[in-house]
Number of protein chains: 2
Amino acid sequence: MHTKEKILEESLELFAINGYEGTSMTKIADKVGIKKSSLYAHYKSKEVLFVEVAKEMVDQNVEFVRRSLDEQAPDVKTVLYKSFKTHIHDMATDDASIQFYNRFMQNPPNGLGGELTASVEKSEKQARGLLENVIAKGQASKEVTADLDATSIAHMYFCLIEGLANETTVYTLEEVERHAESVWVIFWRGVKI
Amino acid sequence: MHTKEKILEESLELFAINGYEGTSMTKIADKVGIKKSSLYAHYKSKEVLFVEVAKEMVDQNVEFVRRSLDEQAPDVKTVLYKSFKTHIHDMATDDASIQFYNRFMQNPPNGLGGELTASVEKSEKQARGLLENVIAKGQASKEVTADLDATSIAHMYFCLIEGLANETTVYTLEEVERHAESVWVIFWRGVKI
DNA sequence: GTCTATACGGCGATAGAC
DNA sequence: GTCTATCGCCGTATAGAC
């Protein structure tokens, strides 16, 4: 019922913060407000629960990128800039979904990496596809250089976001946002006509 | 003696691959070729052992950046490009030190993050300083634009490297190196005069 | 579906013989 | 310094009453 979803929600947060081995079924049960053994009525093992959460996050990643792209923005530069800022902001403000995604796409739990890699690769391709469209539009409207192909530029874009995501552990929100600002300037300098 | 160093070496690899909670003292002992209890003659706890490894990695990070900068290269563009390629290559070829660094700087074990953040921040600052010098030289020789400050450019550089590091789990060596190549082109386009 | 009780193994860590 | 033996605890997971 409603409990099953709550388990997903709460374990998402715990996995994101404490990792897979660092999150016990007892801690999840405590956070949900039930006993450990009751979890097994909804998910037959910890691995199954984790994979369920992970699959949701992979799907959500594409949706997140889609929503970050503002269709109403006046030009491609603004679309990209707004999307960039949205990503950075949500990362830096401890959004559990994004932390989960960043954490486990880079270092999946021991046996479960293989089970996820395929779907991650697919979702990253989709997300990159959305950006490629925007960039291609910018090339058509002479905002973005045609010397580079849209795929490479989209790749660079995600590379920057992931690089900045890594900083969130060490640096403060303000520092990351300031870094993001200068990173953006160089990026745009690199891709504009 | 020689055992104490071997413990550091072997646990470095295990921590890098399986994480902190995913690495047991038994597994470390097995890899070293001794019994678990013998480890405690060298390091009084798992936490102490981990912190010891982590501190070495933090120091090594600065040295790694220093060595990647070729003093003999003809111009600043070449210095940066060679350094960039060295980083990518070592990451992609499963260098345990770099994997350890990337993994735990982003997601330190639960109680030990605070103990490391300060020294990480310091070492990253030193490493960035080395790059800033190179970039400032490039600005003086009119290779690199003076519209951007050297700190921002150095920051961008590390951001790209970390972003590419994240890919190594999902993509193959060839793919990452190909991505790195186009990332470099955009980067240089963004910072050259 | 949730509970209590329990099984069983692996964990980090210590004691003490050699 | 390394071993065997052992401690106490907590991990995942199951059985069975309600």
Side-chain angles (χ1 to χ4, degrees), chain A residues 1-57 100 103-104 107-116, chain B residues 1-57 100 103-104 107-116:
Chain A
M1 307 295 166
H2 155 262
T3 305
K4 189 158 185 172
E5 295 150 29
K6 180 155 194 195
I7 295 172
L8 283 179
E9 268 179 49
E10 305 293 357
S11 60
L12 160 66
E13 274 191 40
L14 289 171
F15 283 137
I17 295 169
N18 303 317
Y20 181 75
E21 290 91 352
T23 301
S24 69
M25 294 299 263
T26 307
K27 282 180 196 158
I28 295 172
D30 285 354
K31 205 151 186 281
V32 173
I34 56 176
K35 290 293 167 186
K36 173 176 58 166
S37 57
S38 306
L39 290 174
Y40 291 87
H42 302 280
Y43 301 94
K44 81 163 213 277
S45 75
K46 187 183 176 184
E47 292 201 355
V48 167
L49 171 57
F50 178 84
V51 170
E52 211 70 17
V53 177
K55 281 185 181 163
E56 256 197 11
M57 291 306 103
F100 183 99
R103 175 166 202 149
F104 293 111
N107 295 115
N110 255 353
L112 310 175
E115 200 161 344
L116 295 174
Chain B
M1 304 287 167
H2 155 263
T3 305
K4 189 159 186 171
E5 296 149 30
K6 180 154 196 198
I7 294 172
L8 283 179
E9 268 180 50
E10 304 293 358
S11 59
L12 161 65
E13 275 192 40
L14 288 172
F15 284 138
I17 296 169
N18 304 317
Y20 181 73
E21 291 91 352
T23 301
S24 69
M25 294 299 264
T26 307
K27 282 181 195 159
I28 295 171
D30 284 354
K31 204 151 188 280
V32 173
I34 56 176
K35 291 293 167 188
K36 174 175 62 166
S37 58
S38 306
L39 291 174
Y40 291 89
H42 303 279
Y43 302 94
K44 82 164 213 278
S45 74
K46 187 184 175 184
E47 292 202 355
V48 167
L49 171 56
F50 178 84
V51 170
E52 211 70 17
V53 176
K55 279 185 182 161
E56 258 197 10
M57 291 306 104
F100 183 99
R103 174 166 203 148
F104 293 111
N107 294 116
N110 255 352
L112 309 173
E115 198 161 344
L116 296 174

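Scope of the values below: all heavy atoms of this structure, side chains included, with no hydrogens, waters or symmetry mates. Chain A is the first sequence line, chain B the second, and so forth, proteins listed ahead of strands; every chain is numbered from 1.
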Please list, for nucleotides 8-15 of chain D, all pairs of protein and nucleotide N/O atoms separated by less than 3.5 Å.
from, atom 1, to, atom 2, distance (Å)
D:dT12, OP1, A:M25, N, 3.3
D:dT12, OP1, A:K46, NZ, 3.0
D:dT12, OP2, A:M25, N, 2.9
D:dT12, O4, A:K36, NZ, 3.2
D:dA13, OP2, A:Y40, OH, 3.3
D:dA13, OP2, A:K46, N, 2.8
D:dA13, N6, A:K36, NZ, 3.4

N/O contacts under 3.5 Å, protein versus nucleotides 16-18 of chain C?
none

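Applying the ring-ring contact (aromatic ring centres under 6.0 Å, His included) rule to B:F50 yields the partners B:F15, B:Y20, B:F100, B:F104; only residues at least two apart in sequence or on another chain are considered. For the side-chain contact (heavy atoms from CB on, under 4.5 Å) test, residues two or more places apart in sequence or in another chain that qualify with A:E56 are A:L8. With sequence neighbours left out, the side-chain contact (heavy atoms from CB on, under 4.5 Å) criterion links B:N18 to A:N110, B:L14, B:T23.
Proximity of B:S38 to the phosphate of D:dG1: no side-chain N or O atom is located under 4.0 Å from OP1 or OP2.
For the pair B:N18 CG and C:dC11 P, the interatomic distance rounds to 12 Å; values are reported in whole Å. We find that NZ of B:K6 is positioned 15 Å from C1' of D:dG1, with the value rounded to whole Å. The nearest whole Å value for the distance from the CG atom in B:L39 to the P atom in C:dT14 is 13 Å. Rounded to a whole Å, the NE2 atom of B:H42 is 16 Å from the P atom of C:dA13. For the pair B:Y43 OH and D:dT2 C1', the computed distance is 16 Å after rounding to whole Å. Taking atom NZ of A:K35 as the reference point, atom P of C:dT6 lies 15 Å away to the nearest angstrom.
Judged by distance alone, with hydrogens and angles left aside, the side-chain atoms of A:R103 form a donor-acceptor pair with the main-chain N or O of A:I17 at under 3.5 Å.
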Item to check | A:L39 and A:I7: CA distance, side-chain angles, deciding distance, side-chain contact (heavy atoms from CB on, under 4.5 Å) verdict | outcome: CA-CA 8 Å; A:L39 290 174; A:I7 295 172; 3.7 Å; yes
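Screening residues 15-29 of chain B for salt bridge (charged side-chain N to carboxylate O under 4.0 Å, His left out), with sequence neighbours left out, gives no hits. The side-chain hydrogen bond (donor to acceptor under 3.5 Å, both in side chains) contacts involving residues 31-42 of chain B comprise B:E10-B:K31, B:E13-B:K31, where partners must be two or more places apart or lie in separate chains. Residue pairs meeting the side-chain hydrogen bond (donor to acceptor under 3.5 Å, both in side chains) criterion with at least one partner in residues 43-55 of chain A, sequence neighbours excluded, do not occur; the list is empty.
Between A:V32 and A:K6 the shortest heavy-atom distance is O-NZ, 3.7 Å.
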Checklist outcome for this item: Given Watson-Crick and G-U pairs under 3.5 Å, DNA chain C in dot-bracket ([ ] crossing, | other strand) is ||||||||||||||||||
